[in-house]
Amino acid sequence: MDIAHFADSPWSVVPPLLAVALAIYTRKVLIALGTGILAGALLLNHLSPLNALHYLLATVLKIFWVDGDLNRDNINMILFMFLLGGLISLMTVSGATRAFAEWAERRARSRRGAKILTGMMVFAFFIDDFFHSLSVGAICRPVTDRFQISRAKLAYLLDSTAAPVCVLMPVSSWGAYIIALVGGIMAAHGVTNLSPIAAFVEMIPMNLYAVFTLLMVLVVIGFQLDIGSMRQHEEWALQGKLWDESKGRPLGLDMESPEESNGSMIDMVLPILTLTLSTVYFMIHSGAEVLAAQGEPFSVLGSFENTNVGSSLVYGALCSLVVSIALALRLNLGVGNWLRAAPQGVVAMLPAINILLFAWTIGAVVRDVETGKYLASLANGNLPIEVLPAVVFILSCAMAFATGTSWGTFGIMLPLAGDMAAASDIGLMLPMLAAVLAGAVFGDHSSPISSTSILSATGAGCHHIDHVMTQLPYALSVAFGAALGYLALGFTHSTLMGVLVSGTWFALFCIYHVRRNQPVLANA
């Protein structure tokens with residue numbers, strides 16, 4: 001099949017741009033993604049409908065089957081979502097979620113306390129962003145519902161403490177992957193005065209978007225900072241409103257379960273603890289097996305670098321499900337009762353899985369039309385050295401937003417940023433690499449076709465586009481401040497100056513909006 005190439009053509013941005021624009025305008029995600037997929041397939045096949053159909057069938061097949069074998073990464077993610085749906089349903093029917101919500105209500109005592117609880121969960125679930133979004137959402141949703149916190153706000157808290165934390169943590173699936181890439185780039189350009197992990201740690205304060213996104217979460221929690229459409233969703237939640245008349249649909253998405261039993265906190269805590277610890281164990285174990293096969297010594301960081309995240313999540317969910325079933329037996333919870341509840345939990349995950357399948361498909365189409373390569377080529381013009389960190393950040397933002405993948409952006413933009421720094425000013429190597437990380441997280445955080453956005457909305461029980469639209473003003477404001485910071489960093493070669501400039505913008509933005517929000521503060 002003769003596939004057209006668009007690495008040097010602006011046509012390469014048409015499929016993702018069309019999908020994003022339609023998703024925002026129509027709020028019908030599957031139609032928008034499907035339109036972007038069809039547009040890309042037709043472009044790649046010289047507008048031939050028959051060839052485009054063959055291409056689409058082959059592309060969809062690769063979601064499940066590639067190179068003569070199962071696509072285990074994708075299948076494991078779907079299995080994990082199904083297992084987690086069953087686990088959530090069992091914890092609901094056993095009364096565990098109700099018991100946890102009552103416990104949290106006594107201790108949180110306010111809407112602010114409930115949001116602090118949600119934000120603090122990141123310290124238990126920082127290993128992987130998908131793991132964080134789905135697990136914390138399941139745990140905290142009953143609590144935030146009791147305190148009339150909107151599902152959109154919960155989705156924002158999940159998304160803003162998922163990727164931004166993972167990208168700053170060396171011991172995470174993200175950190176290990178980034179350290180491996182950065183190590184190869186540094187070696188290729190003869191940078192030997194820093195180890196890869198030391199370079200990663202040095203880049204943490206330079207990752208301005210991730211750092212200030214986490215600070216924004218603290219401000220949102222502490223000062224009830226509601227801007228844009230988030231304000232409307234919070235007001236609806238405070239009024240106990242459950243229906244959006246303008247769109248003719250409920251404001252949240254819930255699974256229905258049979259009558260609850262008399263479960264206690266242990267029925268929630270022990271399965272979740274099992275889920276966390278067993279997932280970490282299997283991540284380290286799978287990575288250690290790869291190290292052993294390569295004849296390399298064991299190390300925790302090396303294990304995370306070589307881990308199989310998908311299978312670890314599935315094994316962790318299975319262990320948690322076994323523990324939850326064992327606990328349910330002591331409650332005399334009828335098998336038939338749970339067998340009715342479990343399918344409901346699985347079915348509740350289907351809308352998110354459908355969106356995820358479409359997102360994976362358009363991701364493959366976007367790779368084939370070479371959107372990333374075209375956007376990367378825009379950085380190769382004659383630009384002043386001082387603006388390169390800001391330019392790399394903006395291009396990484398655009399690439400990750402258009403493609404919906406931060407890891408794909410890392411793979412394309414990190415080597416490019418390293419080459420640009422080596423050819424212009426080697427002293428800007430780490431700032432430019434950090435700018436790529438920051439821009440990729442912004443795109444992953446904000447894009448309607450990002451897996452993390454989809455799963456954060458799923459974990460919160462929030463409509464996907466509602467989550468994207470309520471989160472975007474926060475993300476754009478932090479990204480603008482980060483761009484200013486990278487300009488300052490490029491001109492001064494000072495990380496402190498970059499942080500100060502971004503921090504000044506951040507402070508002014510927050511003070512302005514907190515003062516405008518005064519009438520809502522009384523309801524916090």
Side-chain angles (χ1 to χ4, degrees), residues 111-112 115-116 119 122 150 152-153 155-157 159-161 163-165 167-168 203-235 386-398 400-401 431-432 434-446 468-524:
R111 300 179 80 239
R112 182 178 287 111
K115 286 180 279 188
I116 290 172
V122 71
S150 68
K153 177 62 70 65
Y156 166 77
L157 294 174
D159 213 349
S160 297
T161 52
V165 169
V167 80
L168 298 175
M203 285 192 294
I204 289 174
M206 300 178 193
N207 195 332
L208 300 175
Y209 180 79
V211 169
F212 282 99
T213 291
L214 293 174
L215 290 176
M216 181 66 83
V217 169
L218 296 179
V219 174
V220 167
I221 291 173
F223 295 96
Q224 186 71 9
L225 181 60
D226 298 321
I227 56 178
S229 55
M230 183 71 82
R231 187 179 180 87
Q232 180 67 77
H233 279 264
E234 283 291 271
E235 289 175 352
E386 293 80 6
V387 304
L388 289 181
V391 169
V392 166
F393 170 70
I394 293 168
L395 282 175
S396 298
C397 287
F401 189 86
M432 289 176 66
V436 171
L437 302 182
V441 172
F442 165 80
D444 182 76
H445 196 199
S446 309
V468 171
M469 296 307 294
T470 52
Q471 178 165 265
L472 202 54
Y474 299 95
L476 287 172
S477 64
V478 175
F480 181 77
L484 294 179
Y486 286 121
L487 278 174
L489 204 161
F491 278 97
T492 65
H493 284 56
S494 168
T495 302
L496 178 60
M497 187 57 66
V499 172
L500 286 175
V501 169
S502 290
T504 300
W505 161 259
F506 177 81
L508 292 173
F509 177 88
C510 291
I511 290 169
Y512 173 74
H513 282 283
V514 166
R515 286 183 173 176
R516 287 190 66 193
N517 266 358
Q518 281 299 325
V520 180
L521 288 177
N523 298 319

Please tabulate, for side-chain N and O atoms in residues 389-396, each donor-acceptor pair with protein atoms closer than 3.5 Å (sequence neighbours left out).
from : atom 1 : to   : atom 2 : distance (Å)
S396 : OG     : V392 : O      : 2.9

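- Atoms NZ and CE, from K153 and M230 in turn, are 5.5 Å apart once rounded to the nearest 0.5 Å.
- Across all their heavy atoms, I221 and K115 have their closest contact at CD1-O, 3.5 Å.
- At distances below 3.5 Å, at least one donor-acceptor pair connects side-chain atoms of E234 with backbone N or O atoms of S150.
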Under 3.5 Å, which donor-acceptor pairs link side chains of residues 475-494 to any protein atom two or more places apart or in another chain?
from : atom 1 : to   : atom 2 : distance (Å)
S477 : OG     : P473 : O      : 3.3
S477 : OG     : Y474 : O      : 2.7
Y486 : OH     : M206 : O      : 2.6
Y486 : OH     : L208 : N      : 3.2
T492 : OG1    : A488 : O      : 2.7
T492 : OG1    : S494 : N      : 3.2
H493 : ND1    : G490 : O      : 3.4
H493 : NE2    : D425 : OD2    : 2.6
S494 : OG     : L496 : N      : 3.4
S494 : OG     : M497 : N      : 3.1

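- One distance of note links CZ of R231 with CD of Q224; it measures 9.0 Å at 0.5 Å rounding.
- When all heavy atoms of V514 and F223 are compared, the closest pair comes out as CG2-CB, 3.8 Å.
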Handout entry: V211 and V499: CA distance, side-chain angles, deciding distance, side chain to side chain contact (heavy atoms under 4.5 Å, CB included) verdict
Key = CA-CA 9 Å; V211 169; V499 172; over 6 Å; no

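- Applying the side-chain hydrogen bond (donor to acceptor under 3.5 Å, both in side chains) criterion to N207, with sequence neighbours excluded, gives no partner residue.
- Between the side chains of S160 and H445, a donor-acceptor pair is found at a separation under 3.5 Å.
- We find the CD-CG distance between E235 and D226 to be 8.0 Å, quoted to the nearest 0.5 Å.
- Atom CD1 of I204 sits about 10.5 Å away from atom CG of L437, to the nearest 0.5 Å.
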